[in-house]
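Contents: one structure, followed by commentary.
By convention in this document, chain letters (A, B, ...) are assigned in the order of the sequence lines, proteins followed by strands, and residues within each chain are numbered from 1.
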There are 2 protein chains.
Amino acid sequence: MTRLAPEVSYKAKAYQALKQAILKMDIYTTPEPVMLDERALSDKLGVSRTPIREAIAMLEQEGLVKALPRRGIVVVRRTKAEIVDMIRAWAALESMAARLITTMARKRDITALRDVFKDFGSDRLPQDHIEEYSRANIVFHQALISLSESPVLVDMTDDILLHVRGYRQLTIGRKERIAASLPEHLAMIEALEERDTDLAEKLARDHTLRLADYVEAHGQELFA
Amino acid sequence: MTRLAPEVSYKAKAYQALKQAILKMDIYTTPEPVMLDERALSDKLGVSRTPIREAIAMLEQEGLVKALPRRGIVVVRRTKAEIVDMIRAWAALESMAARLITTMARKRDITALRDVFKDFGSDRLPQDHIEEYSRANIVFHQALISLSESPVLVDMTDDILLHVRGYRQLTIGRKERIAASLPEHLAMIEALEERDTDLAEKLARDHTLRLADYVEAHGQELFA
DNA sequence: GGGTGGCATCTGGCATGCCAGATCAGAGTG
DNA sequence: CACTCTGATCTGGCATGCCAGATGCCACCC
């Protein structure tokens, strides 16, 4: 028999709940800062303030919120420069993942990456189904990183995506970039299959760096 | 006048204190797991358990400790595979830093990197002053990342170094690697000065990947 | 003596209550 | 009418106390 799970604590539940809630809300659309209230949260979640506070301490460590002593807890808004910076770090991690994949992953797992985009093609263009393609895009990148079999790379990119995702509607939602995106992905998969380490690394890096450049150039309106 | 500082909370102080304490102790030398006790800590630090618990929640989020419900708080020990994995992520971040530096940093700041090793040379070999060189090594890598002017890269590598540093005595302390280390560093600085983006990136990546390979091959004794 | 059951005790999880800083409305003042 | 001062109130920070799970010692039984 397996040791039974030490059922999840309120702290962990509160952490998950708050994280989901923060990610779901569009913090960049409202002009005034989004505030959290410990007491209101403890009311709503039906637990005392203690586990709520511990969950908030974790979120603060993660950079999602910031506690202003005696003033409130505010959901952190990233500046454009910070988002660009994060995407660059993402590019670094993903290119390393690509490198590792060429040396360790199984051919069939690499090929399976194509399935993510099986609903798209010349007869069904990504730019005509932006929402759906954006989701496929995220899935692809996460699947790619997973193939590296590196838990650290997976965790770090998850952290980054967490923060970058707040922009997904607007950063990915540009037709010109989306049109270029699919062929780039397919080229990456090919390089991985060919075990061309340097090329795969370069393609992965440049693909994501292009997103960074794009946000840097066109992301201004998000921060008005 | 500037808004005066909201003096540091006990939570923050406890976090810093615990972090320092954990990093100072050599968790890999003792056979049995290192445990923390909330009440003992609150006694020793002169505060109640509440801020201690919040600090521990943050450390847990950071991956330094893990709370086992009703059993205790244990300082996490990394496996060799995890350390190797972290070093690979480090390599990814550092190569991206190198890339950015070639496009943005000032020449004089790059050249200043040489000062870190000014006490070493053919008349004073690194392998004869291992402790000192190890410190210079860390300083060099952190200074390098800083030059990228990317807060995200800096923070992420700081996190990684936090975990990897527990091994500093044994991973860096091999004469054969240290002898090769200094020339590699100098080659990196040269490539940066020459604004040779691809070369600098490659040198930075390979330099750190070699450390990963080294730990993978020779780090076994650490985990006996 | 080996094995078992139970209780004392230790540990983290959580609820609660008080405190001080921060804010803001409204009375009081020139 | 503008400004200031004050206190009611709101918010997070912290201390304290109780609870239940986990452990380990020890009396007890066969």
Summarise how protein sits on nucleotides 8-17 of chain D as a single string, 5' to 3': B when a protein heavy atom is under 4.0 Å from the base, S for sugar-phosphate-only contact, - for no contact. ---SBBSBBB
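A donor and an acceptor atom, one from each side chain of Tyr10(A) and Ser48(A), are nowhere located under 3.5 Å apart.
Residues Glu60(A) and Lys11(B) are paired through a salt bridge, judged by an N-O separation under 4.0 Å between the basic side chain and the carboxylate. Using a cut-off of 4.0 Å between Lys/Arg side-chain N and Asp/Glu carboxylate O, Arg205(B) and Glu94(B) are scored as not salt-bridged.
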Determine whether Asp43(B) and Asp37(B) satisfy the following criterion, side-chain contact (heavy atoms from CB on, under 4.5 Å), listing intermediate values before the conclusion. CA-CA 10 Å; Asp43(B) 249 26; Asp37(B) 182 310; over 6 Å; no
Apply the test side-chain contact (heavy atoms from CB on, under 4.5 Å) to residues Thr208(B) and Arg88(B): give CA-CA distance (whole Å), side-chain angles for both, the deciding distance (0.1 Å), then the verdict. CA-CA 7 Å; Thr208(B) 304; Arg88(B) 291 208 176 106; over 6 Å; no
